2 protein chains.
Amino acid sequence: MSKSNPCQGNCPIARVTALLGDGWSLMIIREAFLGSGKFNEFERRLGIARNILTNRLRKLVGAGLLKRRESETDRRVVEYRLTAAGRALFPVLIALSQWSEQHLGDCSHSVRYVERATGEEIRPIRVVSADGRELDAGELVMLPGPDADPALRARLNAALDQAGSEAARAAS
Amino acid sequence: MSKSNPCQGNCPIARVTALLGDGWSLMIIREAFLGSGKFNEFERRLGIARNILTNRLRKLVGAGLLKRRESETDRRVVEYRLTAAGRALFPVLIALSQWSEQHLGDCSHSVRYVERATGEEIRPIRVVSADGRELDAGELVMLPGPDADPALRARLNAALDQAGSEAARAAS
DNA sequence: CAAGTAAGTTGCAAAACGCAACCGGGCTAC
DNA sequence: GTAGCCCGGTTGCGTTTTGCAACTTACTTG
């Protein structure tokens with residue numbers, strides 16, 4: 001994948017896939033949310049090979065999701081902590097988790113996300129319109145933004161045209 | 001990864017990672033949201049190798065995200081369409097996309113998600129409490145749910161304890 | 001019927017992954 | 001202070017996954 005996936009220019013999904021699209025990165029982020037910070041903790045709790053872990057931690061630090069800091073009390077240990085950018089992935093993680101429990105495997109309810117202050121479970125993550133209504137996938141369109149490069153712009157416009165012609169065909 | 005990543009029992013993130021944790025699956029889902037359906041379309045638009053594409057499509061069909069249907073008008077072509085489970089990934093995709101644009105690379109605004117009916121851009125995806133307030137990562141806890149297996153339960157409780165002791169340490 | 005096209009499949013080379021052994025600095029205990 | 005252990009890596013090597021290109025089979029089109 002690494003060499004290819006120029007895919008469609010600066011598509012944000014392509015960029016995030018290049019960074020987190022492997023079997024471990026998301027698990028490492030999850031572990032970090034669960035409080036892991038030391039190299040050893042990640043290794044033990046995930047059962048990941050040490051060379052791979054080194055590689056992924058470097059990548060995540062390089063991307064600004066984790067911050068590497070050598071402990072002051074014991075200079076052998078290194079702490080990897082989530083940065084603000086890393087913590088901003090929390091909605092993604094929850095959305096994935098909720099989707100997984102609803103649509104994968106045996107429909108189990110194995111993790112609860114509750115508000116610390118109230119003890120109440122949070123709502124399912126949803127797409128919400130500008131004025132606060134919950135939206136469905138069918139009610140949305142993707143349009144090229146101001147910074148879309150030509151390839152992405154072409155792709156999104158093609159998708160629009162296709163949807164348009166499909167709608168026209170359905171209407172006829 | 002495939003063999004390992006038993007990770008922590010039935011953790012939903014581990015399950016979703018096993019399914020979508022590679023360089024292509026999410027891109028295929030994105031393409032499907034953009035209207036691609038035929039084998040050739042995925043191939044051309046993503047630049048993915050055909051054997052890999054075959055493999056991923058089968059996996060996604062097997063997981064119930066895509067539905068494989070041979071065209072009636074031309075029996076050579078095969079249509080892969082998102083199922084309800086697949087469409088339910090839309091919030092995840094948008095959350096990833098929004099995160100990517102905010103925290104990756106050059107802060108660009110290359111894709112706009114707008115409501116078809118109003119033309120208004122949607123709100124950023126957020127975690128919302130039971131009574132509708134937007135929550136921050138720090139205001140949440142993960143607790144084992146009724147279906148958590150022992151390993152996951154232990155992991156989540158350990159995280160709780162650790163957070164507790166850290167809080168105690170910070171308070172002292 | 002000849003040519004072209006769609007969706008795979010196969011074989012092979014290159015890259016990524018996983019494991020286990022090794023390493024160097026830093027603590028700890030005697 | 002030195003022997004032994006822990007921590008965070010690194011290295012070498014075998015296995016798996018990926019990527020590419022050529023081939024195949026079924027079908028449509030001219």
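Quick caveat: nothing in here was measured; it's all calculated off a predicted structure. Note on naming: letters A, B, ... go to the chains in the order of the sequence lines (proteins, then strands), and numbering restarts at 1 for each one.
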Value in whole Å for how far the [atom2] atom of [N] lies from [atom1] of [X]:
X     : N      : atom1 : atom2 : value
A:E43 : C:dG18 : CD    : P     : 13 Å
A:N55 : C:dC17 : CG    : C1'   : 10 Å
B:R69 : C:dA7  : CZ    : P     : 13 Å
B:R75 : C:dG8  : CZ    : P     : 15 Å
A:R44 : D:dC6  : CZ    : P     : 12 Å
B:L46 : D:dC20 : CG    : P     : 13 Å

Starting at the 5' end of DNA chain C, which residue's closest nucleotide do you reach first, A:T73 or A:I52?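 Residue closer to the 5' terminus by nearest nucleotide: A:I52.
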
Those residues that, when tested against A:S71, pass side chain to side chain donor-acceptor pair (under 3.5 Å) (two or more places apart):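 Side chain to side chain donor-acceptor pair (under 3.5 Å) check on A:S71 returns A:T73.
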
For A:R116, is the CZ atom crowded, meaning more than 12 foreign heavy atoms sit under 6.0 Å from it?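 Result for CZ/A:R116: enclosed.
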
Considering only heavy atoms from C-beta outward, does the side chain of [X] approach that of [Y] to under 4.5 Å?
X      : Y      : value
A:V92  : B:I125 : no
B:L82  : B:L66  : yes
B:N157 : B:P144 : yes

Closer than 4.0 Å, any side-chain N/O of A:W24 to the OP1 or OP2 of C:dG18?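 Answer yes for this pair, as a side-chain N or O of A:W24 is under 4.0 Å from OP1 or OP2.
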
Quick one: which residue pairs count as a side chain to side chain donor-acceptor pair (under 3.5 Å) with a foot in residues 33-42 of chain B, not counting sequence neighbours?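 Output for this query lists A:R155-B:S36, B:E31-B:S36, B:S36-B:R45.
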
Is any side-chain N of the basic residue among B:E70 and B:R68 closer than 4.0 Å to the acidic one's carboxylate O? yes

Where at least one partner belongs to residues 127-140 of chain A, residue pairs that pass salt bridge (charged side-chain N to carboxylate O under 4.0 Å, His left out), sequence neighbours excluded: A:R126-A:E134, A:D131-A:R133, A:R133-B:E115

With axes from five pairs an end, tell me the bend angle of the helix from C:dC1-D:dG30 to C:dC30-D:dG1, nearest 10°.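 So the angle between the two local helix axes works out to 20°.
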
With sequence neighbours excluded, give me every ring-ring contact (aromatic ring centres under 6.0 Å, His included) pair touching residues 34-82 of chain A. none

Nucleotide by nucleotide, 5' to 3', does protein get under 4.0 Å of the base (B), only the sugar-phosphate (S), or neither (-) in nucleotides 7-14 of chain D, counting heavy atoms? SBBBBB--

